[in-house]
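Report on the following structure.
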Amino acid sequence: MFGLTYSTKQSQPDTFLEMYDDSYLQNITHISPMMWGEHCVECGEPQCYKTCSLYSKRIDGRCKRFRNGIEKIQKSSGLYSYAVKIECLRWGKLGAVLLPNCLPKQKILRQNYWFDYITSFVKAISSIVPISFFKKMDYYLKEFITRTEGMGKNYPDELLIEISNPDYAYDLIIEDTGGSRTRISVKSGFNRFHIPFAELNYISGIRNFLSITPQNEGQTLYIHTLDFVKIRKEISNRQDTKIKCVVWDLDNTLWEGILSEDNEVKLRQDIVTYIKMLDEKGVLNSISSKNDYNEAYKKLEECNIVEYFLYPQINWHPKSNSIQAIAKSLNIGLDTFMFIDDSIFELAEVSSKLPMVKCYNISDVEAAMNTEALKIEISTESKTRRQSYREIEKRNSAEQVFGGNIDDFLCSCEMQLIITKPNDITFARCLELINRTNQLNCSGERIPSDVLHTMAIDTDRYLCLQMNCVDKFGDYGIIGFCVINISDKARAVCEHFVLSCRAARKKIEQSFIEFIISYFRDQGFEYFAIRCTATPKNGQLLSILSELDFFVKKDINNKKYILEVLTKQKIKKIQILNIIENF
């Protein structure tokens, strides 16, 4: 929980916070009663209050290191049903006494509710009777309660960090009393991190302190959850989410034997068959193995199978960390992952830290390959998906040359967006996009094959368009699809708009929207609108579209809204790619 006593204002929710995904919270059973507050990287209190030029007196006499304290963001989401905003001043850091004793989740949530209620009451009193004593007692009383309850040995499983970032990536450094330093990279969008409690140097019998410091001075943090938690061990696998990546162990899984003991390990041909089958379906393959990287990679090359694996993680880190790294590199959700290993310990570790990942023992590999989540139709696009990700790797490497100037880089890619109507050959890929894409899906809805086919052939009522993209690095294939209702000849309404993750961060969505508005203006339509439904995962796309300054947002309810524009409105177009219309 957060110490809100010394916050000087409450922030309003920003659109990008809608990217928050609360699916993991249902797995939490216990929480440690810790109190996070503002601290200083170079603190030597109280002597430094007289000597440090950065000292800014807080109401309790301590130094203010956050501009407005820890600000509560109303009507946002997190473990305590709100997020916080922290504007770090120079040398500012978050800190807390590490209290490892986990208590039942509902008890901590009730306690936090009353803590917040008391804080609101104290702030109201202090505004009438300006006596800092009230705030001091409020903070120290809550700190005393949490420290008393936290001194036990019902240790947590992990430190759960959920944080949103509207800007460029930055690093956070987590440091404990034992001197352990963990660096995490907060990318643009919603981030979730699981730091195993066992990896922190908790020293029993002494006062342990934990701190979180932004690498960049003056960084603003938007935190949903920052707590030590225990999680439910029995997690049921969701069958409605299709698998997008299968992560394989190596020793006694992909091959028979242990490479470090016998260099002549034998590749399991049945597993190779499964890997090739997944690849044809468009399901990606990767590796999480505790091995020497050079030796294992060389063996994969000798077996002529290395080409099938994207972002292989061959190291000595916990396998849950490796799977998270793969997910970030591929830019797909962890709930679309399957992990296969022969070790009961490794499977338990991943299930514990990443309960949304579907885990199978290698002895059950046949059942795993026949699960509903892997019943995916083969399409022309699916057969080339792996190659598309290889091309993304090349693009990412080339992007580094431009030093963060994304527009210059995108222009250098020589992108072309080809817009056509789907045909009998490409229909399967368009259906796949609608029914498999979560993050870049405006409606968040799934459409049965027969319904979508009816829409495609009903040209008096609907205009269905697919988007192909190519650049100098290669062909993305079909990366977008939309269904636009044109039954009202004055107002065209885009009911479904979906993009592949491969199109992310390339401003394709903005270029397409600008083009389609111009198209309907030329066709005599007065308005163009997009129907949006907020889901736990599509906040990134909805945020991008909502921020296009030519749209007017019209709320239907708190989850659904319409983005609308007059087609005759003059729109300044971005010159990122060349659009080729062929419909």
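Note that the structure is predicted; figures quoted are calculated from it, not measured.
- Counting heavy atoms from C-beta on, the side chains of Val186 and Ile161 never come closer than 4.5 Å.
- Counting only distance, with no hydrogens or angles, the side chain of Thr437 and the backbone of Ser500 share no donor-acceptor pair below 3.5 Å.
- Across Asn315 and Ser322, no two heavy atoms sit closer than the pair OD1-OG, 3.4 Å.
- Taking the side chain as every heavy atom from C-beta outward, Lys105 and Thr29 never approach each other to under 4.5 Å.
- Remark: side-chain polar atoms of Gln219 are not paired, donor with acceptor, to backbone N or O of Pro214 under 3.5 angstrom.
- Contact check for His30 versus Ile108: no side-chain heavy atoms found under the 4.5 Å cut-off.
- Interatomic distance, Cys482 SG to Leu433 CG, rounded to the nearest 0.5 Å: 11.5 Å.
- When all heavy atoms are compared, the tightest approach of Gly92 to Phe66 is C-CE2, 4.2 Å.
- Under the 3.5 Å distance criterion, the side-chain polar atoms of Asp342 are left unmatched by any main-chain donor or acceptor of Thr253.
- Annotation: side chain of Trp36 is not in contact with side chain of Ile223 (no heavy-atom distance under 4.5 Å).
- For the pair Arg192/Leu160, a side-chain contact is recorded, criterion being any heavy-atom separation below 4.5 Å from C-beta on.
- In this structure, the separation between CE on Met338 and OG on Ser286 is 14.5 Å, given to the nearest 0.5 Å.
- Once rounded to the nearest 0.5 Å, the distance linking CD1 of Ile376 with CG of Asn435 reads 11.5 Å.
- Lys353 has its side chain out of reach of Pro318: every pair of non-hydrogen atoms, C-beta onward, lies at least 4.5 Å apart.
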Do Cys442 and Asn538 pass the side-chain contact (heavy atoms from CB on, under 4.5 Å) test, and can you show the C-alpha distance, the side-chain angles, and the key distance before you say yes or no? CA-CA 7 Å; Cys442 262; Asn538 67 358; 5.8 Å; no

For side-chain contact (heavy atoms from CB on, under 4.5 Å), just list the numbers for Val247 and Val357, CA-CA rounded to whole Å, side-chain angles, deciding distance to a tenth of an Å, and then say yes or no. CA-CA 10 Å; Val247 179; Val357 174; over 6 Å; no

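- The main-chain N or O of Met34 is never found under 3.5 Å from a side-chain atom of Ser32 such that the two would form a donor-acceptor pair.
- Here the side chain of Arg531 pairs no donor or acceptor atom with the backbone of Tyr561 at under 3.5 angstrom.
- Distance alone, capped at 3.5 Å, places no donor-acceptor pair between the Asn208 side chain and the Asp176 backbone.
- Atom OG1 of Thr213 sits about 13.0 Å away from atom CH2 of Trp91, to the nearest 0.5 Å.
- Looking at Ser77 and His224, their side chains never bring a donor and an acceptor atom within 3.5 Å of each other.
- No option in Leu354, Val246, Leu330, Ile243 other than Leu330 meets the side-chain contact (heavy atoms from CB on, under 4.5 Å) test with Phe337.
- With hydrogens and angles disregarded, no donor-acceptor distance shorter than 3.5 Å links the side chain of Asn154 to the backbone of Asn101.
- A side-chain donor-acceptor contact under 3.5 Å links Glu547 and Ser543.
- Across all non-hydrogen atoms, the minimal contact from Ala96 to Phe209 is O-CD1, 3.4 Å.
- A side-chain contact (heavy atoms from CB on, under 4.5 Å) with Glu162 holds for exactly one of Leu25, Leu79, Asp227; it is Leu25.
- One N or O on the side chain of Glu349 and one on the backbone of Ser320 form a donor-acceptor pair closer than 3.5 Å.
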From CA spacing to verdict: side-chain contact (heavy atoms from CB on, under 4.5 Å), Glu158, Lys230: CA-CA 7 Å; Glu158 64 182 41; Lys230 290 178 75 72; over 6 Å; no

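- To the nearest 0.5 Å, atoms CD1 (Ile86) and CG (Leu94) are separated by 4.0 Å.
- The nearest pair of heavy atoms linking Tyr360 to Asp364 is CD2-O, 4.3 Å.
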side-chain contact (heavy atoms from CB on, under 4.5 Å) between Val365 and Trp248: does it pass, once the steps are laid out? CA-CA 11 Å; Val365 66; Trp248 302 85; 4.1 Å; yes

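- Between Glu175 and Lys93 no salt bridge is recorded (no basic side-chain N to carboxylate O distance below 4.0 Å).
- Annotation for Glu87 and Thr220: closest pair CG-OG1, 3.7 Å, computed over non-hydrogen atoms.
- Residue Leu563 holds its CG atom at 8.5 Å from CG of Leu548, rounded to the nearest 0.5 Å.
- Side-chain polar atoms of His496 and Ser443 form a donor-acceptor pair below 3.5 angstrom.
- The main-chain N or O of Leu334 is never found under 3.5 Å from a side-chain atom of Lys244 such that the two would form a donor-acceptor pair.
- Between Asn557 and Lys560, the closest side-chain pair of non-hydrogen atoms falls below 4.5 Å.
- Counting heavy atoms from C-beta outward, Ile212 and Leu221 have side chains that stay 4.5 Å or more apart.
- Judged by distance alone, the side chain of Lys559 and the main-chain N or O of Thr535 form no donor-acceptor pair under 3.5 Å.
- Annotation for Phe339 and Glu346: closest pair CE2-O, 4.1 Å, computed over non-hydrogen atoms.
- With 3.5 Å as the limit, one finds no donor-acceptor pair spanning the side chains of Ser288 and Gln313.
- A salt bridge (charged side-chain N to carboxylate O under 4.0 Å, His left out) check over residues 310-327, counting only residues at least two apart or in different chains, returns the pairs Asp249-Lys319, Lys319-Asp341.
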